[in-house]
Every structure is written in C-alpha cells, then in structure tokens.
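Can you read through this structure? Questions will come right after.
Order of appearance sets the numbers: ligands from 1, and atoms from 1 within every ligand.
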Amino acid sequence: MSGTWSERLSPAVRSIAPSGIRKFFDIASKMQDVISLGVGEPDFVTPWTIRESCVYGLEQGRTSYTANRGLPELRREIALHFLRRYNLDYDYNTEVLVTVGVSEALDLALRSILAPGDEVLIPEPSYVSYAACTTLAGGVPISVAARIENEFRITPEELEPYISARTKAILIGYPNNPTGAIMERGDLEKIAEFARQHDLIVISDEIYGDLTYGGREHECFAALPSMQERTILLNGFSKAYAMTGWRIGYALGNPDIIAAMTKIHQYTMLCAPITAQMAAVEALRHGEKYMKKMVGEYDRRRRLIHDGLKKIGLDAFEPKGAFYIFPDIRSTGYGSSEFAEKLIQAEHVALVPGNAFGSSGEGYVRCSYATSIPKISEALNRIENFVKKHRR
Ligand code: PLP
C-alpha cells in the first residue's frame with residue numbers, strides 16, 4: 001500500500017467540501033444559551049395522527065421490506081395528490097418512486113441521467129447538496145448566479161451563456177433554500193421554453209412547495225404545458241409535515257427515468273422504511289389541516305423576522321416561500337462567514353453564511369424562521385445589539 005489514507009479516497013469525494021451549514025451547528029452545540037436560526041428543520045413535532053398510524057402499523061406487525069418502488073397505497077396517494085392539486089396524471093405503477101427523503105431522490109435522479117462530464121445548470125444561491133451530488137454522480141455542476149434585483153429568480157438570459165454541448169439538465173429548487181424566493185408562473189414558463197429549446201431535463205426540487213405565503217399558490221414545474229415528461233419532480237414530507245427524521249420522499253417522472261432510478265434504489269437502498277411509508281400515507285390522507293396550521297405559524301414568524309431585520313437596517317426582500325430569509329449584511333462591512341462567526345461568538349445567535357450556498361451568496365446570511373416567535377424576537381434583539389456595535 002502506498003500513500004496516505006486520504007490520498008486513496010475517490011477524487012470526486014476529495015473534491016467536495018463538507019457542508020458549510022454543519023460547521024455552525026458544531027460551534028452552537030458547544031455553547032450555552034444559543035438561539036439557532038441556522039437549522040432548516042421545522043421546530044414542530046410530526047402531527048399525532050401521522051405518528052399514530054405508524055404506531056398502529058407496528059402493532060399490526062408491519063415490519064417488513066416493501067416493494068422497491070414503495071407501498072402501492074402510498075404511491076397511489078401520491079399520484080392522487082398530484083391529480084387533485086395540479087391536474088397532473090402520474091401512473092403510480094410506473095411513474096412514482098418512494099425514496100429515503102428528497103436527498104435520495106436527488107442523488108438517484110442525477111446518477112440516472114448523467115454520463116461522466118455532463119453538465120448541470122444550477123441557479124445560485126442553491127441548496128448545498130445540488131452541486132455536491134452532481135459531482136458525486138460524475139457530472140459537472142455549472143453555477144449560474146441569480147440576481148438580488150430580481151429577488152433571486154433565475155431567467156433564461158442568465159442561463160444562456162452557460163449552455164454548452166455537454167449541458168444535460170437544469171436543477172431548480174423553488175420555493176428556494178436559502179433565499180425564500182419563489183418563481184411565478186411567468187418566470188417558470190420562460191424556463192420551460194429554455195429547457196425545450198436546449199432539450200434539457202429539468203430536475204425540480206419542490207420540497208417547499210406547500211410552504212408559500214400571502215395567498216400565493218405554488219406553481220408545479222411539471223404542470224406547465226408539455227413539461228411533465230421532461231421533468232423529474234422531487235418532493236417529500238420532511239418540511240411540510242415536520243417529518244425530517246422519518247426520511248421519506250419521492251420522485252415523479254417519465255417511466256424510463258423512474259425505472260432507471262428504481263434500479264439504483266433497488267441495489268443501494270432496497271426500499272424506504274415501511275414505518276415512514278405508513279406515516280406518509282396518513283400524512284396525505286389526513287395531514288393537510290395540520291400542515292396548514294404550521295404554515296400559518298411560519299407566516300406569522302416570517303412577517304416578524306422580515307420587519308425586524310428591516311428595522312435593524314439589514315435589507316431583505318420579503319420571502320414568499322420556504323422558511324428562510326436572506327438578509328444582505330454588506331452594510332456591516334463584514335463578509336458572510338465573518339459576520340456569522342462574530343455573531344455567534346458575541347451574541348450566541350447561530351445562522352448560516354450565505355456563501356455556504358455558493359459564491360453568489362457572499363454578502364448575505366441565511367436565517368431560518370422555523371423557530372418560535374419568542375426565540376425569533378430575542379434573536380432579533382441580539383442581532384440589533386451586534387449590528388449597532390459592529391457596523392463599520
Ligand atoms: N431539498 C432542499 C431544498 C432542502 O432544503 C432539503 C433539506 O434541507 C432537502 C432537499 C432534503 O430533504 P429530505 O429531508 O427530504 O432529504
């Protein structure tokens with residue numbers, strides 16, 4: 001054997017950095033009295049009816065593997081949900097795959113479609129896994145900066161210069177983590193036209209699709225004219241139903257792509273946990289009213305944090321979806337990482353530097369408002385203290 005252990009690791013693994021989000025959890029976990037606006041996780045417990053359905057299933061002795069693609073009753077519920085909500089018709093036998101969170105679905109989607117060196121357009125700032133999973137799948141992530149002036153919505157004009165003979169797909173995530181941006185129907189129609197022109201596959205991560213505010217309805221990319229076949233739609237239960245720990249999500253797409261994803265899933269995961277699948281059936285059958293209540297609460301928090309940051313003098317556009325706000329901290333004279341590090345040291349408030357979501361997030365920080373109103377109020381007081389003392 002020659003070389004160090006780390007030299008023997010796969011070049012793809014060596015080339016990716018650990019997630020910039022985790023670093024701040026580690027600092028926060030060693031401190032007393034920290035208020036975390038860092039975590040992208042609901043502070044609610046999964047609604048009881050959902051937990052109970054799992055307990056009941058266990059009592060009945062449902063502890064086995066399931067079909068690789070997932071329990072038929074869950075796939076049927078998912079297909080029905082999309083029919084009712086978006087008038088999208090998916091065959092639950094061939095066009096639905098139940099996965100271990102959107103995380104697995106994302107990995108499977110990328111691994112199914114990418115040949116080595118294929119390029120994926122990724123609007124930025126973006127969720128930390130998009131670029132890393134593209135690299136791990138042998139592809140090349142091509143970051144395309146969205147502009148704050150346009151509330152971080154991506155446009156074909158911004159994407160066009162990055163098209164090459166190797167561009168295979170575009171990976172979009174709206175409502176967006178980390179910015180809270182949404183895309184209106186008109187914005188998405190332009191992206192659909194762009195995808196058609198360049199014959200791209202569209203991976204659309206709509207995990208925050210149920211979390212929109214101010215009466216806005218989420219626009220599902222696959223529901224745009226002639227986009228269903230071209231789109232790999234990813235969604236799950238983690239955020240809307242406060243089910244992060246259950247690890248359950250799904251992918252919808254054309255039968256060939258779903259079959260390819262199922263092949264990888266079969267060999268690597270076998271199936272999603274049956275307990276989580278039973279719970280997900282209940283979430284779709286009876287969980288909506290609980291989900292809507294949580295969304296109402298996020299909305300109150302959203303308005304509080306948006307107004308609070310504005311009063312402090314940290315500009316942020318009003319987030320219309322997800323549970324994040326992305327204030328501009330450049331007026332303090334600090335960069336993103338420096339701001340986050342100094343804030344946690346001085347005031348014990350954890351948030352995530354914007355550059356963890358790509359270089360275009362530099363100058364911003366991500367605050368999650370998936371935490372209680374008293375905690376958000378106290379965090380705002382502390383941030384105000386910090387900004388007053390440190391504004392340069
Ligand atoms: N996609 C986005 C945009 C996310 O923010 C997250 C989690 O933070 C995920 C996917 C992963 O979700 P899951 O828990 O379903 O794996």
Side-chain angles (χ1 to χ4, degrees), residues 18-22 24-25 36-44 46 50 70 74 78 97-110 120 122-134 136-137 141 146 152 154 170-183 202-212 218 220-221 232-252 261 265 268-269 272-273 276-277 279-280 283-284 287 291 298 319-326 351-352 354 356-358 361 366-371:
S19 159
I21 300 181
R22 282 280 147 192
F24 283 84
F25 292 161
S36 179
L37 305 181
V39 216
E41 174 161 23
D43 59 329
F44 298 107
T46 309
I50 298 174
L74 175 55
I78 292 168
L97 172 64
V98 176
T99 57
V100 179
V102 170
S103 302
E104 192 211 355
L106 174 69
D107 180 44
L108 296 179
L110 290 163
V120 180
I122 305 179
E124 248 194 35
S126 68
Y127 177 50
V128 291
S129 297
Y130 295 167
C133 287
T134 302
L136 290 173
F152 292 116
I154 199 72
I170 171 167
L171 170 42
I172 53 176
Y174 294 96
N176 184 260
N177 175 6
T179 62
I182 59 163
M183 294 274 272
V202 179
I203 303 177
S204 186
D205 176 355
E206 302 187 17
I207 192 167
Y208 295 101
D210 284 315
L211 307 184
T212 54
H218 173 64
C220 176
F221 193 84
I232 310 178
L233 183 56
L234 312 181
N235 209 327
F237 297 84
S238 287
K239 313 290 175 171
Y241 294 95
M243 290 178 69
T244 47
W246 297 79
R247 312 306 308 124
I248 186 88
Y250 53 89
L252 306 175
M261 291 172 67
H265 174 75
T268 53
M269 208 61 67
Q277 293 191 55
L284 287 175
M291 182 257 281
Y298 293 136
K320 316 269 180 354
F323 39 51
Y324 307 104
I325 187 163
F326 205 59
L351 33 73
V352 183
F357 307 95
R366 185 192 80 173
C367 309
S368 159
Y369 49 87
T371 195

Tell me, which protein residue and heavy-atom name are nearest atom 11 (C) of ligand 1, and how many Å apart are they?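 Answer, as residue, atom name and distance: S103 OG, 3.4 Å.
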
CD1 (I122) and CD1 (I203) are apart, to the nearest 0.5 Å, by 8.5 Å

Test side chain to side chain contact (heavy atoms under 4.5 Å, CB included), reference H265, set D107, L97, V98, output is L97

- Is the shortest distance from a heavy atom of F237 to ligand 1 less than 4.0 Å? no

Output for pair (L171 CG, T134 OG1), nearest 0.5 Å, gives 6.0 Å

Counting distance only, does the side-chain N/O of K239 pair as donor-acceptor with the main-chain N or O of G40 below 3.5 Å?
yes

Are F44 and Y298 close enough, and set up right, to give a ring-ring contact (aromatic ring centres under 6.0 Å, His included), and what steps lead you there? CA-CA 11 Å; F44 298 107; Y298 293 136; 5.6 Å; yes

Of V102, D205, T244, the residue with the heavy atom nearest atom 1 (N) of ligand 1 is D205

Legend entry - Parallel, tilted or perpendicular: ring planes of F237 versus Y241, cut at 30 and 60 degrees: tilted

Check for me whether S238 has a heavy atom closer than 4.0 Å to any atom of ligand 1. yes

field: atom 12 (O) of ligand 1: the protein heavy-atom neighbour that sits closest, reported with distance to 0.1 Å
entry: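 Nearest protein contact, heavy atoms only, for atom 12 (O) of ligand 1 is I207 CD1, 3.3 Å.
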
- Query: Any heavy atom of K239 sitting closer than 4.0 Å to ligand 1?
  - Reply: yes

Separation between CG (L106) and CE (M261), nearest 0.5 Å, reads 8.5 Å

Q) If we only count N/O pairs under 3.5 Å, is Y130 in contact with ligand 1? A) no

Taking 4.0 angstrom as the limit and counting only heavy atoms of R247, give me the atoms of ligand 1 inside it, by number and element.
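Every atom of ligand 1 under 4.0 Å from some heavy atom of R247: 13 (P), 14 (O), 16 (O).
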
In ligand 1, the atoms that come under 4.0 Å of a heavy atom of G101 are 15 (O), 16 (O)

